[in-house]
4 protein chains.
Amino acid sequence: MDERQVGALRFQLDLSQPIYEQIVEQMSRAILRGDIGLGEKIPSVRELAQGLRVTPNTVMHAYQEMERQGLTETRRGQGTFITSSRQRVEAFRQQEAHRVVTEFLAKMRSLGFTEAEIIEQLRSRRQEEEMQ
Amino acid sequence: MDERQVGALRFQLDLSQPIYEQIVEQMSRAILRGDIGLGEKIPSVRELAQGLRVTPNTVMHAYQEMERQGLTETRRGQGTFITSSRQRVEAFRQQEAHRVVTEFLAKMRSLGFTEAEIIEQLRSRRQEEEMQ
Amino acid sequence: MDERQVGALRFQLDLSQPIYEQIVEQMSRAILRGDIGLGEKIPSVRELAQGLRVTPNTVMHAYQEMERQGLTETRRGQGTFITSSRQRVEAFRQQEAHRVVTEFLAKMRSLGFTEAEIIEQLRSRRQEEEMQ
Amino acid sequence: MDERQVGALRFQLDLSQPIYEQIVEQMSRAILRGDIGLGEKIPSVRELAQGLRVTPNTVMHAYQEMERQGLTETRRGQGTFITSSRQRVEAFRQQEAHRVVTEFLAKMRSLGFTEAEIIEQLRSRRQEEEMQ
DNA sequence: GTGGTCTAGACCACG
DNA sequence: GTGGTCTAGACCACA
């Protein structure tokens with residue numbers, strides 16, 4: 001796990017998981033947090049690849065994934081930009097949350113937990129973490 | 001995604017994830033639900049393979065994974081059996097819950113949700129479902 | 001793990017390991033301990049199989065293994081007998097001990113333990129066990 | 001039993017035991033001896049398979065086993081690496097020693113040796129070897 | 001009949 | 001190029 005800065009963006013890459021997924025996730029988070037503004041240009045594939053010391057191939061893969069999710073747009077000859085539609089970003093956030101919650105509930109139920117127990121698990125976990 | 005029945009067990013397999021992982025997951029749930037009792041025999045490698053229309057190799061991979069997790073015991077020449085230790089099954093359940101909760105919290109946080117919002121999402125989802 | 005008595009012999013069989021090996025081991029031990037005298041007849045394949053509730057096949061396998069090691073002799077139409085040569089039994093014991101010690105030393109050395117450390121490991125294990 | 005060299009590593013394989021287990025055992029020893037340093041890359045699955053003249057599948061099996069024991073980490077697209085944690089390697093060493101000692105004591109006891117005799121056997125063996 | 005190992009060769013995900 | 005999954009089919013150990 002090491003940390004690298006490229007422009008205003010900070011990345012933590014862990015080589016034991018797919019790098020392109022980590023780029024997508026951390027870039028998306030930066031957008032949702034507002035670290036990159038709507039409509040702003042993000043680093044070019046080559047630039048980011050160099051900054052992260054990964055192959056351009058990997059960055060390209062990540063950018064294609066983000067475009068597929070409607071978070072970015074590429075303009076030929078100009079580069080890649082965050083979508084300028086706040087609505088689209090918010091839609092992405094809600095859609096992802098919905099998917100993640102659905103998946104979580106399904107898994108916990110299949111392990112035999114009731115709704116009350118699921119919420120209890122979350123609460124107790126939160127306390128554990130706070131104590132650290 | 002298609003559904004297949006083998007003895008008292010129902011499996012839903014799709015090709016977007018490793019088949020052996022789906023077998024492990026669905027068989028584990030069946031055990032946790034009590035569809036198969038402690039100490040009981042599960043279908044033989046060949047039998048399940050034929051029922052699911054996959055190679056015995058794939059089922060074997062799944063069964064070995066379950067044995068590593070302490071859920072089953074194999075007796076050469078006799079078959080594969082659910083562990084008779086209720087404690088081990090419960091340990092598995094807790095371990096899985098921990099893993100699932102960790103993954104869920106990480107994903108929700110990376111989407112920018114706070115702890116309070118996460119619990120709120122779960123509550124509102126629960127109400128939606130109750131209204132259906 | 002359950003225990004069964006056949007004539008003067010007591011067996012503890014654990015289904016997670018090869019049964020025929022357990023029969024060989026426990027029968028050999030009984031011979032070395034003198035629970036069965038030199039030249040004595042041991043139960044017939046069928047008799048032992050019935051007593052242990054395993055298939056005659058398995059007992060046959062065990063008996064062949066013991067004969068291969070020179071511990072028993074079969075006399076057509078009369079049954080299977082412990083060798084009457086004390087020398088042969090003792091030779092077996094020494095030969096086995098030699099093999100086991102050699103194997104043990106090789107493994108421990110390959111794990112990087114020196115002779116002194118190996119003996120130390122044995123001593124400390126002995127203390128652990130005594131405390132239980 | 002034949003011997004094969006792959007890079008700096010030497011392997012002795014025989015067909016009387018599972019090949020993948022022999023790979024795990026011999027590779028582990030090489031790590032414990034320091035023949036491969038912490039964090040270093042080990043031969044790729046295909047490379048080792050070719051060198052040992054076995055199928056990549058068999059080598060893969062061995063590598064996955066080592067990963068489960070915490071000895072290695074795999075990075076898709078990059079290769080398999082020894083863990084960089086000295087602690088994990090040491091934990092593995094202790095765990096293996098425990099297993100080997102347990103097995104040894106069980107075998108010697110079943111041959112009718114007492115603790116004192118077992119240690120005596122080791123000592124006398126040591127003297128024999130020193131005289132050679 | 002049971003589980004377990006191995007081969008040969010395909011196809012995928014990732015860098 | 002790397003690791004990972006899957007198929008098809010052989011052969012072994014054990015009951």
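Chain letters run A, B, ... following the sequence lines, proteins first and then strands; every chain starts at 1. Just so it is clear, the values below take in all heavy atoms, side chains as well, and ignore hydrogens, waters and symmetry mates.
- With rounding to whole Å, A:E65 atom CD is found 12 Å from E:dA13 atom P.
- Every stem involving DNA chain F, taken as at least 3 paired positions in a row under the Watson-Crick or G-U wobble test at 3.5 Å, is listed here: E:1-14 with F:1-14.
- With sequence neighbours left out, B:Q17 forms a side-chain contact (heavy atoms from CB on, under 4.5 Å) with B:D14, B:Q22.
- To the nearest angstrom, P of E:dG15 lies 15 Å from NZ of D:K41.
- In this structure the side chain of C:V59 reaches within 4.5 angstrom of the side chain of C:V54, judged on heavy atoms.
- At F:dT2, one or more side-chain N or O atoms of D:S44 fall inside 4.0 Å of OP1 or OP2 (strictly under the cut-off).
- At least one side-chain heavy atom of B:V89 sits less than 4.5 Å from a side-chain heavy atom of B:T83.
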**Message:** Return a single string for nucleotides 7-15 of chain F, one symbol per nucleotide in 5' to 3' order, where B is base contact, S is sugar-phosphate-only contact and - is none, cutoff 4.0 angstrom on heavy atoms.
**Reply:** BBB---BBS

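- Shortest non-hydrogen contact noted between A:P43 and A:V6 is CG-CG1, 4.4 Å.
- When the P atom of E:dC14 is taken as reference, atom CD of A:Q22 falls 12 Å away, rounded to whole Å.
- Here salt bridge (Lys or Arg N to Asp or Glu O under 4.0 Å) pairs that include residues 46-68 of chain C, with residues two or more places apart or in two chains, are C:E65-C:R68.
- Spacing between atom CG of D:L48 and atom C1' of F:dG1 amounts to 16 Å, rounded to whole angstrom units.
- B:Y20 meets the ring pair (Phe, Tyr, Trp, His ring centres under 6.0 Å) test with B:H61; sequence neighbours excluded.
- Whole-Å rounding puts the B:R68 CZ to E:dG3 C1' distance at 14 Å.
- Within the structure, side chain to side chain donor-acceptor pair (under 3.5 Å) contacts touching residues 25-43 of chain D (residues at least two apart or in different chains) are C:S110-D:R29, D:E25-D:R29, D:R33-D:D35.
- Residue A:D14 contributes atom CG, which lies 15 Å from atom P of E:dC14 at whole-angstrom precision.
- The shortest side-chain heavy-atom distance between C:K107 and D:F104 does not fall under the 4.5 Å cut-off.
- Two residues are said to be in side-chain contact when any heavy atoms from C-beta on lie closer than 4.5 Å; C:T80 and C:E73 fail this criterion.
- Between F:dT5, F:dG3, E:dT5, one nucleotide has an atom nearer to the side chain of D:T74 than all others, and that is F:dG3.
- Rounded to whole Å, the distance from CD on B:E67 to P on E:dT2 is 17 Å.
- Between B:Q64 atom CD and F:dT5 atom P the separation is 13 Å, expressed in whole Å.
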